[in-house]
Undergrad: 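Sharing a structure below in structure tokens format, with a few things to ask.
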Amino acid sequence: MATFGGLVAGLGIGTAAEVAKRVMEGGGAKERRNALLTEANIERIVNTLCRVRGAALKFGQMLSMEDGAFLPPEVQEAFERVRNNADYMPSKQMKAVLDSELGPNWRSMLSEFEDKPLAAASIGQVHRGVLLGGQEVAIKIQYPGVAQSINSDIDNIVTILQLWNVVPKGLFLEATAAVARRELEWETDYIREAACCERFR
């Protein structure tokens, strides 16, 4: 929550400064209302969502795929950038997750493992590995705490969007949030995913 608190504070300070600037320049009410959607504030939103990852990032990615007619163009652009970016775990954190899940000798199960991920998304990242028998595998590593923070992360981003009144009522934000919660519960259940893959094969 500290990260989201910092985002709210940063948006508030940035918006207040922009409002003051526009008032001094003789801007009208409409210009002052749009003071939130400055380049600096959009950068704050993108950087925060990409850094916290997890449900908040996933929700931002879902909103980026909504009809552009619903969202202000500045917000749409921010979520488009969120959809295409996600920070990956530092190597030390990644190794700690694997130690916890597979045991400290997990590397002995592989002949090759690439520390740098092939891709990073909202709930995890993927690494290339090679089993001892020579089979190449994709190793999915979930970010710590993602599954446990789904509800709080989505609540936080919904609160921020409502607080700043940047999402029209026609978007049905609460319904979108409910869909995001359900999909994330499925996506973070890697055991369920593995079982579905086996059934598909």
Side-chain angles (χ1 to χ4, degrees), residues 1-11 43-64 78-160 177 179-201:
M1 184 59 189
T3 302
F4 287 104
L7 174 60
V8 171
L11 291 174
E43 196 70 23
R44 288 186 179 97
I45 293 170
V46 172
N47 289 341
T48 298
L49 292 184
C50 290
R51 187 167 63 251
V52 300
R53 303 182 300 246
L57 177 57
K58 180 70 174 182
F59 192 41
Q61 291 170 336
M62 289 180 67
L63 289 175
S64 76
F79 286 138
E80 283 284 350
R81 289 173 57 193
V82 164
R83 185 170 58 173
N84 296 321
N85 294 276
D87 290 352
Y88 53 83
M89 283 185 282
S91 181
K92 184 177 180 180
Q93 185 183 36
M94 176 271 294
K95 291 175 182 175
V97 173
L98 289 174
D99 285 350
S100 174
E101 295 295 322
L102 302 177
N105 297 320
W106 58 269
R107 282 189 182 270
S108 65
M109 306 175 191
L110 305 163
S111 62
E112 293 181 35
F113 177 81
E114 293 186 1
D115 282 20
K116 184 176 180 180
L118 295 171
S122 54
I123 65 171
Q125 58 194 47
V126 181
H127 294 253
R128 176 187 173 274
V130 180
L131 299 179
L132 297 178
Q135 181 183 4
E136 284 192 303
V137 292
I139 302 171
K140 294 181 66 174
I141 307 174
Q142 192 171 121
Y143 302 133
V146 166
Q148 293 75 26
S149 64
I150 290 172
N151 287 326
S152 61
D153 280 0
I154 291 180
D155 287 343
N156 286 332
I157 197 65
V158 167
T159 298
I160 290 171
V179 171
R181 292 179 207 275
R182 183 176 67 248
E183 290 189 0
L184 276 161
E185 287 175 359
W186 290 342
E187 288 189 35
T188 53
D189 187 348
Y190 283 3
I191 295 176
R192 175 183 179 275
E193 180 180 336
C196 289
C197 288
E198 282 298 316
R199 288 177 62 186
F200 182 77
R201 290 175 59 185

Undergrad: With sequence neighbours excluded, tell me which residues meet side chain to side chain contact (heavy atoms under 4.5 Å, CB included) with S100.
TA: none
Undergrad: Supply the atom-to-atom distance R181 CZ to I150 CD1, rounded to the nearest 0.5 angstrom.
TA: 9.5 Å
Undergrad: Quick one: pull up CG in L132 and CG in L110 and give me the separation to the nearest 0.5 Å.
TA: 7.0 Å
Undergrad: Are R107 and D115 close enough for a salt bridge, meaning some N to O gap below 4.0 Å?
TA: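 D115 and R107: salt-bridged.
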Undergrad: Kindly write out the residues that satisfy side chain to side chain donor-acceptor pair (under 3.5 Å) with E198, not counting sequence neighbours, or none if the list is empty.
TA: R201
Undergrad: Under the 3.5 angstrom rule, does the side chain of Q125 hit a backbone N or O of M89 as a donor-acceptor pair?
TA: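 At least one qualifying donor-acceptor pair exists.
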Undergrad: What verdict does the salt bridge (Lys or Arg N to Asp or Glu O under 4.0 Å) test give for K140 and D189, after you've listed the backbone C-alpha separation in whole Å, the side-chain angles of each residue and the deciding distance to 0.1 Å?
TA: CA-CA 12 Å; K140 294 181 66 174; D189 187 348; over 6 Å; no
Undergrad: Please report the interatomic distance CD1(I154) to CG(L184), rounded to the nearest 0.5 Å.
TA: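 The distance works out to 5.5 Å.
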Undergrad: Is the side chain of Y143 donor-acceptor paired with the backbone N or O of G124 at a distance under 3.5 Å, no angle test?
TA: yes
Undergrad: Restricting to pairs with a member in residues 116-127, which pass salt bridge (Lys or Arg N to Asp or Glu O under 4.0 Å), not counting sequence neighbours?
TA: none
Undergrad: Any heavy-atom pair between the side chains of L131 and S111 that's under 4.5 Å?
TA: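 S111 vs L131: side chains apart.
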Undergrad: Going by side chain to side chain donor-acceptor pair (under 3.5 Å), name the residues that satisfy it together with E185, two or more places apart in sequence or in a different chain.
TA: none
Undergrad: Can you list everything that forms a side chain to side chain donor-acceptor pair (under 3.5 Å) with Q142? Sequence neighbours excluded, please.
TA: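 Partners of Q142 by the side chain to side chain donor-acceptor pair (under 3.5 Å) criterion come out as none, since no residue qualifies.
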Undergrad: Mind jotting down which residue pairs meet the ring-ring contact (aromatic ring centres under 6.0 Å, His included) criterion with at least one end in residues 180-201? Sequence neighbours excluded, please.
TA: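 Checked against ring-ring contact (aromatic ring centres under 6.0 Å, His included) - neighbours excluded - no pair reaches residues 180-201.
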Undergrad: Going by the rule ring-ring contact (aromatic ring centres under 6.0 Å, His included), which residues pair with F113 if we only count those two or more places apart in sequence or in a different chain?
TA: W106, H127
Undergrad: Just how far is it from atom CD1 of I139 to atom CG of L102, taken to the nearest 0.5 Å?
TA: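 CG of L102 is found 8.0 Å from CD1 of I139.
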Undergrad: Do the non-hydrogen side-chain atoms of V126 and P117 ever get within less than 4.5 Å of each other?
TA: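 Not touching, per the 4.5 Å side-chain cut-off.
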Undergrad: Tell me which pairs pass salt bridge (Lys or Arg N to Asp or Glu O under 4.0 Å) where either residue lies in residues 96-106, with sequence neighbours left out.
TA: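 Sorted result for residues 96-106: empty, none.
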Undergrad: To the nearest 0.5 Å, how far apart are SG in C196 and CZ in R192?
TA: 4.5 Å
Undergrad: Listed by chain and number, what are the side chain to side chain donor-acceptor pair (under 3.5 Å) partners of E114, not counting sequence neighbours?
TA: R128
